[in-house]
Student: 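Quick one: the structure is below, and I'll ask about it shortly.
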Amino acid sequence: MIDIQTLLIYAIPVLFAITVHETAHGWVASLLGDHSARMMGRLTLNPIKHIDPIGTLAVPAFLYFTSGFIFGWAKPVPVNFNALRSPKHDMLWVAIAGPVSNFLMAAGWLVIIFVAINTGSQFLADMAQVGVQINLLLAVLNLLPLPPLDGGRVLSALLPPKLAYQYDQLEPYGLFILLGLLFLGIFQSVILPITKLIQHWAYTLAGLI
């Protein structure tokens, strides 16, 4: 049975990771001309506004208690790409904003590790380590070149229009393709090794190793 302290150690970093990730998409979209997220009240750090009952709660809980593996998603921030000043070009910046926010949060949790060490708080140190790992996992996962993940949108923005249109036709099947890839082991063979490599590099650079 999971205790409250362990739940908080994981839940707080996860909620911050998905909340800031989605808000970053909406914030950059608003800067570039699309105010859909702002009008729908999604430019907020209130996690309740970004929680998807299935993707944020049910699926991660089921996977955690059945396999120990956590995978989920937040409610996507609405983005009207046609409202952007330069839709194809700006789509890249809107998409990349999410993973960039996660890399920045991972750096922020590294700072908190130093605070925890100096204050002797094991609880804070454990939470910060989870924060680093969760944010790096979320960034790496979302950078996979598969629509509707952020990496898929970045690739679509970089492709010539005709190829981009053909590539975007994968989007309705993207989640099923991703789940299939995860089932076939892409998490263990690709996502986790890349995440651990970045994490090791970050810890080394910060002098924590």
Side-chain angles (χ1 to χ4, degrees), residues 14 17-44 47 49-60 62-63 69-103 134-192 194-195:
V14 168
I18 64 173
T19 297
V20 176
H21 179 105
E22 292 301 329
T23 302
H25 285 311
W27 180 69
V28 172
S30 184
L31 288 178
L32 297 174
D34 173 37
H35 305 293
S36 302
R38 185 183 300 279
M39 290 187 295
M40 295 182 69
R42 296 292 304 279
L43 284 191
T44 174
K49 294 286 188 177
H50 302 286
I51 288 176
D52 181 288
I54 302 298
T56 313
L57 302 175
V59 171
F62 174 77
L63 291 174
F69 168 69
I70 296 179
F71 170 74
W73 57 90
K75 185 163 56 176
V77 161
V79 177
N80 178 7
F81 291 107
N82 291 324
L84 298 171
R85 286 189 283 272
S86 177
K88 186 170 175 61
H89 176 267
D90 292 346
M91 178 173 68
L92 186 151
W93 300 112
V94 173
I96 204 69
V100 167
S101 74
N102 291 122
F103 283 125
I134 287 294
N135 277 284
L136 292 180
L137 275 173
L138 192 58
V140 172
L141 175 65
N142 272 283
L143 284 173
L144 289 176
L146 176 68
L149 297 178
D150 299 328
R153 299 207 184 279
V154 169
L155 180 56
S156 178
L158 295 174
L159 289 172
K162 184 176 180 180
L163 283 177
Y165 174 79
Q166 294 173 338
Y167 180 69
D168 290 342
Q169 302 312 300
L170 287 174
E171 183 162 339
Y173 316 103
L175 179 59
F176 301 104
I177 295 172
L178 177 60
L179 291 174
L181 291 173
L182 290 172
F183 179 77
L184 293 173
I186 192 175
F187 180 81
Q188 291 83 359
S189 61
V190 177
I191 298 171
L192 194 57
I194 293 175
T195 300

Student: Side-chain contact, heavy-atom cut-off 4.5 Å: D168 with Y165?
Tutor: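 Side-chain contact under 4.5 Å: no.
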
Student: Between V94 and A29, which heavy-atom pair has the shortest distance, and what is it?
Tutor: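 Taking V94 first and A29 second, the nearest heavy atoms are CG2-CA, 3.8 Å.
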
Student: Mark yes or no for whether E22, through its side chain, and H50, through its backbone, hold a donor-acceptor pair below 3.5 Å.
Tutor: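 The answer is no, because no donor-acceptor pair under 3.5 Å joins these two groups.
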
Student: What closest approach, in Å, do S30 and R38 show between heavy atoms, and which atom pair accounts for it?
Tutor: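 Residues S30 and R38, closest heavy atoms: OG-NH2, 3.1 Å.
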
Student: Can you check whether P53's main-chain N or O pairs, donor with acceptor, with K75's side chain at less than 3.5 Å?
Tutor: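 Flag not set: sc K75 to bb P53 has no pair under 3.5 Å.
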
Student: Quick one: does any side-chain atom of R42 pair with a main-chain N or O of T23 as donor and acceptor, under 3.5 Å?
Tutor: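 Judged by distance alone, no pair lies under 3.5 Å.
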
Student: Are any side-chain N or O atoms of R153 and backbone N or O atoms of I96, one a donor and one an acceptor, separated by less than 3.5 Å?
Tutor: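 Answer holds: no.
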
Student: Between S36 and N80, which heavy-atom pair has the shortest distance, and what is it?
Tutor: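 Scanning both residues, the minimum pair turns out to be OG-CB, 3.7 Å.
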
Student: Does T195 use its side chain to pair, donor to acceptor, with the backbone of I191 at less than 3.5 Å?
Tutor: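 Answer holds: yes.
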
Student: Which atom names give the shortest non-hydrogen contact between V79 and D34, and what distance separates them?
Tutor: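 Looking at all heavy atoms of both residues, the shortest contact is CA-OD2, 3.3 Å.
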
Student: Only distances under 3.5 Å count here; give the side-chain donor-acceptor pairs of residues 135-145 to other protein atoms, sequence neighbours excluded, each with its distance to 0.1 Å.
Tutor:
residue: N135; atom: OD1; partner: N102; partner atom: ND2; Å: 2.9
residue: N135; atom: ND2; partner: G131; partner atom: O; Å: 2.8
residue: N142; atom: ND2; partner: L138; partner atom: O; Å: 2.9

Student: Main chain of V100, side chain of H21: is a donor-acceptor contact present, judged purely on distance under 3.5 Å?
Tutor: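 Not at all, since once roles are kept as given, no pair shorter than 3.5 Å links the two residues.
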
Student: Report all side-chain donor-acceptor pairs from residues 174-187 shorter than 3.5 Å, counting only partners two or more places apart or in another chain.
Tutor:
none

